[in-house]
> 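Would you mind keeping the following structure in view while I ask a few things?
Quick note on labels: first sequence line is chain A, next is B, and so on, each numbered from 1. Worth knowing before you read on, the calculation uses all heavy atoms, side chains too, and leaves out hydrogens, waters and symmetry mates.
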2 protein chains.
Amino acid sequence: MVDRVAPGEQPDGRGAEARAEQPADPGTLRPGGRTARVRAAVLEAAGDLIVEAGLTGLDLAEVARRAGVGKTTVYRRWATTTGLVADLLAHMAEESVPRTETGSLDGDLLANAELVRATLSDPRQGALFKAVIAAAATDPRTADALHRFYRIRVAEWAPCVTTAVARGELPAGTDPAEVIRAVSAPLYYRLLTTPEPLTPDLAATAARATAAAARAGAYARTAPATETGGTGAPDGGAAD
Amino acid sequence: MVDRVAPGEQPDGRGAEARAEQPADPGTLRPGGRTARVRAAVLEAAGDLIVEAGLTGLDLAEVARRAGVGKTTVYRRWATTTGLVADLLAHMAEESVPRTETGSLDGDLLANAELVRATLSDPRQGALFKAVIAAAATDPRTADALHRFYRIRVAEWAPCVTTAVARGELPAGTDPAEVIRAVSAPLYYRLLTTPEPLTPDLAATAARATAAAARAGAYARTAPATETGGTGAPDGGAAD
DNA sequence: GCATTAATGGAACTGGAGACCCGTTATGGT
DNA sequence: ACCATAACGGGTCTCCAGTTCCATTAATGC
């Protein structure tokens, strides 16, 4: 149960300020009943508000009001909207769903793709992910939290690729993390760059395409089966 | 040359206010010398500021100061930071680079991947893209602009897939847009979810994997060559 | 149960983003 | 060249997000 957004934050070089005792961030010394209750209420209210009004509409005073909590408390413990979003992300990570095992690479990848699709399509979770990504693009702290989150998620699913390699379904040297990322990537890309909904068909395509590419050795760290063939490309200018 | 961010904005129901003439958005009736100069200066200053301070650090007063332009002008013409970002995106779209033609599918996809990689890796352009994506995740207006931008970019590159199908490199029925998106997706996903830089190697992998999957028929609208095999997947809970 | 003090909550305060007013500049039409 | 007015620019005002202060509540250790 993570309680602090990020402990290693205070500037450290506070020597001149006196104050022999450093108070250590609020919520750490007495995480008991009330503190935990406050965190739960605030995170829920924050989630609701993001879903309703987007990241822009997330102001801490309103969160406090909805959570039935003092405005001061919210500012003291989370300070900024991005700080709150980062904690929300940590909270989401805590209650993540374990991966399923189907026995075949195709089945596992499809299950993964479908799980991602369902999550991103869910009105609440989808909005939260968008908000988190937006916040991370802006704030380094939130970005750290986001990177940690995805590292864990990828590691959680990587074994299904390792097993597939062991079963001989995929060439040796295939990078498991890269395969897992390849399944999610198209779904996120669609979510962010097109107005269309994420269909189950899209998830299936992502899974199938990744499996096909992996079998062709495209994710092998050593020499791949397919030939590169192309020459370099110009740089500069805007791209998609 | 797009000048207004989005014309259809004012609430319309202003009837009670009198004022027989509706003034029509500033910048449209006299887009000549000064107005154009102001827009250029403001967009450049906005870009600089986003790169330096991120989307959060983008305040219109500071933009006005740097652009050597009146604060009032910026507020009148762009109103909000997201409005400014949306216009910046339109400006980026105006000066996009045309696609290159290498003669083979692999070459074309690699060129595309490398172009995207170079753009996202460029300190200025990369920061702008992150900011734009973040703004779009929050603001519907910016999201519209972003969707339009990617629709155009995908359409620009789609022909190289069509040609490949005609050449017999890819199965008939392959969805061109889907293939082009599949090349970019992993790069964007990495940019947003990991702290690591986008390497040329990663771009090459994205291009190779997409080509392999396309050849295997993964992006064919009709029945694919690969078997799906897996069962459904659970929903709910957090995913990557 | 009781003392200690971490953590919360209410209320008053403040600084700066954004709105407004109105005089000035220079564009587009003739 | 000259006029009408679109667009700009400086100064001022307002309002609310975020801060500070201190009294109150309740978690922890004995």
> Anything under 3.5 Å between a donor and an acceptor, one on a side chain of residues 48-55 of chain A, the other on a protein residue two or more places apart or in another chain? List them.
from, atom 1, to, atom 2, distance (Å)
A/Asp48, OD1, A/Arg124, NH1, 2.6
A/Glu52, OE1, A/Arg66, NH2, 2.9
A/Glu52, OE2, A/Arg66, NH1, 3.1

> In the structure I gave you, are the side-chain heavy atoms of B/Leu88 and B/Leu128 within less than 4.5 Å of one another anywhere?
yes

> Nearest 0.5 angstrom please: B/Asn112 CG to B/Glu156 CD, how far?
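Between B/Asn112 CG and B/Glu156 CD, I get 9.5 Å after rounding to 0.5 Å.
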
> What residue pairs, at least two apart or across chains, pass salt bridge (charged side-chain N to carboxylate O under 4.0 Å, His left out) with a residue in residues 127-140 of chain B?
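As it turns out, there is no salt bridge (charged side-chain N to carboxylate O under 4.0 Å, His left out) pair with a partner in residues 127-140 of chain B once direct neighbours are skipped.
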
> For A/Tyr75 and for B/Thr73, locate the closest nucleotide of DNA chain D by heavy-atom distance; then report the residue assigned to the nucleotide nearer the 5' terminus.
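With A/Tyr75 and B/Thr73 compared, the 5'-side residue is B/Thr73.
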
> Heavy atoms only: give me the nearest A/Ala79-A/Leu60 pair and the separation to one decimal.
O-CD1, 3.5 Å

> Please name the pair of heavy atoms, one in A/Tyr189 and one in B/Ala185, separated by the smallest distance, quoted to 0.1 Å.
CB-CB, 3.6 Å

> For residues 195-202 of chain A, run the donor-acceptor check on the side chains, cut-off 3.5 Å, and write out each pair with its distance to 0.1 Å, sequence neighbours left out.
from, atom 1, to, atom 2, distance (Å)
A/Glu196, OE1, A/Arg190, NH2, 3.0
A/Thr199, OG1, A/Leu202, N, 3.1

> Look up atom CH2 in A/Trp78 and atom CZ in A/Arg39, then write down how far apart they are to the nearest 0.5 Å.
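With rounding to 0.5 Å, CH2 (A/Trp78) is 7.5 Å from CZ (A/Arg39).
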
> Rounded to the nearest 0.5 Å, how far apart are OH of A/Tyr188 and CG of A/Leu120?
4.5 Å

> Quick check on the helix from C/dG1-D/dC30 to C/dT30-D/dA1: what's the angle between its two end axes, five base pairs per end, to the nearest 10°?
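Inter-axis angle at the termini of the helix from C/dG1-D/dC30 to C/dT30-D/dA1: 60°.
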
> Ignoring hydrogens and angles, answer whether the base of C/dG10 and the side-chain atoms of A/Lys71 contain a donor-acceptor pair closer than 3.5 Å.
no

> Thinking salt bridges, do B/Arg77 and B/Asp87 make one under a 4.0 Å N-O criterion?
no

> Heavy-atom contacts under 4.0 Å between residues 53-68 of chain B and DNA chain D, which residues?
none

> Using a cut-off of 4.0 Å between protein heavy atoms and nucleotide atoms, how would you tag nucleotides 21-30 of chain D 5' to 3' with B, S and -?
B---BBBS--

